[in-house]
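Note that these values count all heavy atoms, side chains included, but never hydrogens, waters or copies made by symmetry. Below, chain A is the first sequence line, B the second, and so on; all start at residue 1.
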Amino acid sequence: MDFSKFFARSPADVAGDLIGAHMTYRGVGGIIVETEAYHRADPASHSFNGRTPRNSVMFGPPGYAYVYRSYGIHWCLNFVCEPASAVLIRAVEPRDGLGAMEERRGMTALRMLCSGPGRLCQALGISGDDNGLPLDAPPFALALPQGAAPLHVGPRIGITKAVDEPLRFGLKGSAFLSKKF
DNA sequence: TTCTGGATTGTCT
DNA sequence: GACAATCCAGAAC
């Protein structure tokens, strides 16, 4: 599928189809195994209360990275979809640049490197400086998956609003999910 | 200008 | 299983 058209859809569709995609940042990355969808009418979405300087990227064109700080400590990486919606990247199966990830995370346990949005950004070295960058140009590289991957679908994690909506997607049987479905 | 709460993680029990 | 750490955006005043 065409790259720009891939992201110009509802976040639930994009989140499911992103499972199995190969993503790298400065040559470090792996296979996306867990995502969450945040649509425009979602009370848990940053875009729900309207456009602000922080979330303005979500209101821009699809196929861009939206990075924000969570709990004052962690960075979280999102992919912008149709206007005012995005997909949160929650977990990646490490494949490329393992040494760099282990060094940044300060550990070598493979399944602890990228199993969570904060850990993922730390392992890849993503920060707020990368907010608003296109996903089809360096330092990002994204290869869309060939065919549909076997999916788990379940309620989202770590939020306080609209908790029960089944908008979390994961690769079935993966050992690199942040939590079991 | 001040205050509040969060799309999390690591550590301790 | 429970909880503290830590800081910025957004809202209220």
Asks: Between Val28(A) and Asp96(A), is the side chain to side chain contact (heavy atoms under 4.5 Å, CB included) condition met? List the steps.
Replies: CA-CA 5 Å; Val28(A) 180; Asp96(A) 309 289; 5.7 Å; no
Asks: With sequence neighbours left out, what residues match Val163(A) under side-chain contact (heavy atoms from CB on, under 4.5 Å)?
Replies: Ile159(A)
Asks: Is it true that Ser47(A) and Arg40(A) share a donor-acceptor pair across their side chains at a distance under 3.5 Å?
Replies: no
Asks: Indicate whether the side chain of Asn131(A) and that of Tyr64(A) have a donor and an acceptor atom separated by less than 3.5 Å.
Replies: no
Asks: So, using ring-ring contact (aromatic ring centres under 6.0 Å, His included) as the criterion, who are the partners of Tyr68(A) when residues are at least two apart?
Replies: His46(A), Tyr66(A)
Asks: Under 4.5 Å between side-chain heavy atoms, chaining through other members, with only Ile, Leu, Val, Met, Phe, Trp and Tyr counted: pull out the rest of the cluster around Tyr71(A), sorted by chain and number.
Replies: none
Asks: For a quick check of understanding: with a heavy-atom distance under 4.0 Å over all strands, which category does Arg168(A) fall into, base, sugar-phosphate or nothing?
Replies: nothing
Asks: Which parts of residues 71-91 of chain A get close to DNA chain C, meaning a heavy atom less than 4.0 angstrom away?
Replies: Tyr71(A), Gly72(A), Ile73(A)
Asks: Side chains of Val67(A) and Asn78(A): does their closest heavy-atom pair fall under 4.5 Å?
Replies: no
Asks: Looking only at heavy atoms, what is the nearest atom pair of His39(A) and Ser45(A), with distance?
Replies: O-CB, 3.7 Å
Asks: May I ask you to say whether Glu82(A) pairs ionically with Arg9(A), meaning some side-chain N is under 4.0 Å from a carboxylate O?
Replies: no
Asks: Where do Ala91(A) and Ser115(A) come nearest, in terms of heavy atoms and distance?
Replies: CB-CA, 4.1 Å
Asks: Within residues 170-181 of chain A, which residues have any heavy atom lying less than 4.0 Å from an atom of DNA chain B?
Replies: none
Asks: Whole angstrom is fine here: how far is it from CG in Asn131(A) over to P in dA9(C)?
Replies: 11 Å
Asks: Which residues, if any, of residues 36-46 of chain A bring a heavy atom under 4.0 Å of DNA chain B?
Replies: Tyr38(A), Ala44(A), His46(A)
Asks: Using a heavy-atom cut-off of under 4.0 Å over every strand shown, decide if Arg119(A) touches base, sugar-phosphate, or nothing.
Replies: sugar-phosphate
Asks: Mind checking what makes ring-ring contact (aromatic ring centres under 6.0 Å, His included) contact with Phe79(A), not counting sequence neighbours?
Replies: Phe7(A)
Asks: Which two nucleotides bound the region of DNA chain B that has atoms under 4.0 Å from heavy atoms of chain A, read 5' to 3'?
Replies: dG6(B) to dG10(B)
Asks: Let me spell it out: for each of Met107(A) and Tyr66(A), pick the nucleotide of DNA chain B with the closest heavy atom. Which residue's pick is nearer the 5' end?
Replies: Tyr66(A)
Asks: So, using salt bridge (Lys or Arg N to Asp or Glu O under 4.0 Å) as the criterion, who are the partners of Arg95(A) when residues are at least two apart?
Replies: Glu93(A)
Asks: Evaluate the criterion side chain to side chain contact (heavy atoms under 4.5 Å, CB included) for residue pair Ser85(A) and Met58(A); output intermediate values, then yes/no.
Replies: CA-CA 6 Å; Ser85(A) 72; Met58(A) 285 183 76; 5.6 Å; no
Asks: Can you pull out every side-chain hydrogen bond (donor to acceptor under 3.5 Å, both in side chains) where at least one residue sits in residues 134-163 of chain A? Sequence neighbours excluded, please.
Replies: Asp42(A)-Arg156(A)
Asks: Show me the dot-bracket string of DNA chain B, counting Watson-Crick or G-U pairs under 3.5 Å, with | for pairs to another strand and [ ] for crossing ones.
Replies: ||||||.|||||.
Asks: Under the side-chain contact (heavy atoms from CB on, under 4.5 Å) rule, collect the residues that match up with Leu110(A), sequence neighbours excluded.
Replies: Pro94(A), Leu98(A), Leu113(A), Phe176(A)
